[in-house]
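Step one of this worksheet: look at the structure below.
So you know, we letter chains A, B, ... as the sequences are listed, proteins then strands, and number each from 1. FYI, side chains are in, hydrogens and waters are out, and symmetry mates aren't considered; it's all heavy atoms of this structure. All values reported here derive from a predicted model rather than from experimental measurement.
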Protein chains: 2
Amino acid sequence: MNIGDAAGCLESLGNDTRLSIFRALVRSGPDGLPVGRLQSRLKIPGSTLSHHIAHLVNHGLVSQNREGRVLKCVANYRRMNDLVGYLTKECCSDVGGCP
Amino acid sequence: MNIGDAAGCLESLGNDTRLSIFRALVRSGPDGLPVGRLQSRLKIPGSTLSHHIAHLVNHGLVSQNREGRVLKCVANYRRMNDLVGYLTKECCSDVGGCP
DNA sequence: ACATTATTTCTATAGAACTAGAAATAACGA
DNA sequence: TCGTTATTTCTAGTTCTATAGAAATAATGT
């Protein structure tokens, strides 16, 4: 991962609503959750939710696959792993006790 | 670290300029760098730089200590460690291969 | 074809963020 | 005290971002 992608992912997660969405997806495991399920859980208007999900998808943190009428959203664990790897490697230091 | 602090840190680092500042500080080790040094390295106007540094300081990612006329900025490794810990614990999953 | 459900795109608006010049403050040496 | 260097605060302009209602699209069953 390069610095631009990292900043993009960080910006995506650096918003309370989007971080909540992402956490909900991570917790729900590899099966993910339909958009409507996120909507009822997080209690936000569909258009707003859709906007934020698109942001996460654009930065590779979430992927979607349609199952009939329902759109399943899944956290992209590999992408998140890459991000954490970048932060650990490029933004931490042996000196300071980072992993 | 709680979700609010995490989102704040992520938002801080989710900006190309601030991420560059932070990386420069991390790379320079526990001695850090003076503001002026960052300015000449990153080639950005003082007021803009000051604005971004204040943002990082406000979110606990950078601390400052004056040495005479020079203000030294130092990356807060512990804070960064906490952030990475939060992401690993709350936003990753065993299933997906995250650490 | 139509009704229903699920989700997105369009559109507008209010507020926040980024940028940077100019003026102000801080620290120090002469 | 004055001048110089280092940095911040003030101010303003422009550009992004978040929000959400309304209309449009997609998918399915009847």
For residues 23-30 of chain A, dump all side-chain donor-acceptor pairs below 3.5 Å to protein atoms at least two apart in sequence or in another chain.
| from | atom 1 | to | atom 2 | distance (Å) |
| --- | --- | --- | --- | --- |
| A:Arg23 | NH1 | B:Glu90 | OE1 | 2.6 |
| A:Ser28 | OG | A:Leu25 | O | 2.9 |

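- Of the side-chain N and O atoms in B:Asn15, one or more sit less than 4.0 angstrom from OP1 or OP2 of C:dC18.
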Show the distances under 3.5 angstrom between N or O atoms of the protein and N or O atoms of nucleotides 9-12 of chain D.
none

Using atom names, set out every protein N or O paired with an N or O of nucleotides 23-28 of chain C below 3.5 Å, distance rounded to 0.1 Å.
none

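- Contact check, B:His52 against C:dT19: a side-chain N or O comes under 4.0 Å of OP1 or OP2.
- Residue pairs that meet the side chain to side chain donor-acceptor pair (under 3.5 Å) test with at least one member in residues 36-54 of chain A, sequence neighbours left out, are A:Arg18-A:His52.
- Looking at heavy-atom distances under 4.0 Å, B:Arg37 makes no contact with the nucleic acid at all.
- For A:Gln64, no side-chain nitrogen or oxygen approaches OP1 or OP2 of C:dT7 to under 4.0 Å.
- The closest donor-acceptor contact from the side chain of A:Asn58 to the backbone of A:Ala54 lies under 3.5 Å.
- Residue pairs meeting the salt bridge (charged side-chain N to carboxylate O under 4.0 Å, His left out) criterion with at least one partner in residues 45-57 of chain A, sequence neighbours excluded, are absent.
- Rounding to the nearest 0.5 Å places CG of A:Leu10 at 8.5 Å from OH of A:Tyr86.
- Protein atom CD of A:Glu11 is 11 Å distant from nucleotide atom C1' of C:dA17, rounded to whole Å.
- As a whole-Å value, the separation of B:Ile44 CD1 from C:dA20 C1' is 11 Å.
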Only distances under 3.5 Å count here; give the side-chain donor-acceptor pairs of residues 68-76 of chain B to other protein atoms, sequence neighbours excluded, each with its distance to 0.1 Å.
| from | atom 1 | to | atom 2 | distance (Å) |
| --- | --- | --- | --- | --- |
| B:Asn76 | OD1 | B:Arg78 | N | 3.3 |
| B:Asn76 | OD1 | B:Arg79 | N | 3.3 |
| B:Asn76 | ND2 | B:Gly60 | O | 3.0 |

